[in-house]
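Data block below; observations after.
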Amino acid sequence: MSRPGHFKMVLLGESAVGKSSLALRFAKGQYQDHAESTIGAAFLTHTLQIDADTTLKVELWDTAGQERYHSLAPMYYRGAQAALVVYDITNADSLSQAKKWVKELRTANGIDMIIGLAGNKADLATTVNKRKVDAREVAEYADDNQLIFMETSAKRGDNVSEIFMNVARQVAMKQ
Ligand code: GDP
């Protein structure tokens, strides 16, 4: 017998780090090179098979990263069991912004919230001088802050289902 459940998850991070692309790759297995930017927030759902007996429907809120929408963010993360905070490995500022989101989420939702941290655009790491963020340093930061950390590529698909699945598994364990 399957045990249906669902949870709310919010995507946060600076504009253009690849939040919408990760959502599209996760939910539909697709990628678009010139995705339109999200205004306000977009909503999509995807059902995951956690194990033989458990399916979990992820209700994913993709928020706009622009600073002018920042004040709207609490509306989306309030009541969310999980978040995926995204930065771009070729943009050091985007990591600082991601850390601010983590702080804000922990302050608002506490340690119970399952938070994933995605270092996106990992496919660009092979291009000389493109990488601006060291994965080992972020891994340490993630350990200290109880975050599920992976470098991802929405473009190639690397680690996308993995990071969502890891977050969902931890949510399932708490339900
Ligand atoms: P958002 O504003 O955070 O939702 O970012 P988007 O998903 O709109 O992506 C911003 C730009 O980065 C788009 O041109 C994407 O095609 C590109 N992009 C997104 N993910 C990746 C990735 O994994 N690798 C590369 N090389 N580009 C990406």
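Atoms within each ligand, like the ligands themselves, are counted from 1 in listed order. Worth saying up front: this structure is predicted, and the values here are computed from it rather than measured.
Counting heavy atoms closer than 4.0 Å to ligand 1, residue N120 contributes side-chain atoms (C-beta onward) but none from N, CA, C or O. The side chain of L124, and not its backbone, has at least one atom closer than 4.0 Å to an atom of ligand 1 (non-hydrogen atoms only; side chain from C-beta on). Residue D123 touches ligand 1 through its side chain alone, judged by heavy-atom distances below 4.0 Å. Heavy atoms of Q32 found under 4.0 angstrom from ligand 1 belong exclusively to the backbone.
Between E151 and R131 the shortest side-chain heavy-atom distance falls below 4.5 Å.
Residue pairs meeting the ring pair (Phe, Tyr, Trp, His ring centres under 6.0 Å) criterion with at least one member in residues 145-175, sequence neighbours excluded: F26-F164.
The atoms of ligand 1 that sit less than 4.0 Å from any heavy atom of S21 are 6 (P), 7 (O), 9 (O), 15 (C), 19 (C), 20 (N). Of all atoms in ligand 1, listed by their number and element, those nearer than 4.0 Å to a heavy atom of K19 are 1 (P), 2 (O), 3 (O), 4 (O), 5 (O), 7 (O).
The distance criterion of under 3.5 Å between nitrogen or oxygen atoms is not met by A122 with respect to ligand 1. Considering backbone and side-chain atoms alike, D33 places an N or O below 3.5 Å from some N or O of ligand 1.
Ring geometry for Y76 versus W61: interplanar angle of 30 to 60°, hence tilted.
Note on ligand 1: A16 sits in its first shell, one or more heavy atoms being nearer than 4.0 Å.
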Derivation and outcome, side-chain contact (heavy atoms from CB on, under 4.5 Å), residues T63 and L72: CA-CA 9 Å; T63 64; L72 296 179; over 6 Å; no
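A 6.0 Å sphere centred on CG of D33 holds more than 12 heavy atoms belonging to other residues, nucleotides or ligands. Shown here is E162, whose CD atom has more than 12 heavy atoms of other residues, nucleotides or ligands within 6.0 Å.
Evaluation of the salt bridge (charged side-chain N to carboxylate O under 4.0 Å, His left out) rule for K103 yields no partner, not counting sequence neighbours.
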